Participant: 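A single structure is presented below for examination.
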Amino acid sequence: MSEVDTNDALIQVEKMSVDQLAGAFVMIAGAIGSLLLVIWQSKCHCKMNLCYIFSCERRPPNEEEMKSLKDQAKELQAKQKKTEKKEEDVESPELIPRSKSMKISEPEPEPEPTFKLSGP
């Protein structure tokens, strides 16, 4: 077996600028945040402890809470349907048919400009 040169085995990373470092930090924070969001919104019993600074316990809702949540969802859907109906009414106003007594008046013609010639 031949010896491997240590310089070839190492990966060289170029220096990064401040904006690249900020971008990397945001991506890592977003990944951790999305993972915590999935855990928090799961319907299973979980207990989180963040370095003894913050701890919380998540339990799934019981049947009574689920019934109240379903009622709230139905109320929200009814409100959305009402607002959508109002928006449709505003977007497409009904045209009022004109009666024969209502004459369409044409605009008055503009007066012709008059030029006065003053002579010597």
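Values below: all heavy atoms of this structure, side chains included; hydrogens, waters and symmetry mates excluded. When a residue number appears, it is its place in the shown sequence, counting from 1. It should be emphasised that the depicted structure is a prediction, and the values quoted were computed from it without experimental measurement.
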Participant: When rounded to the nearest 0.5 angstrom, what is the spacing between NZ in K70 and CD in E65?
Facilitator: 13.5 Å
Participant: Could you list the donor-acceptor pairs under 3.5 angstrom formed by side chains in residues 13-31, with sequence neighbours left out?
Facilitator:
unit_1	atom_1	unit_2	atom_2	d
S17	OG	D19	OD1	2.2
Q20	OE1	S17	N	3.1

Participant: Say you draw a straight line from CD of E84 to CD of Q77; how long is it, rounded to the nearest 0.5 Å?
Facilitator: 10.5 Å
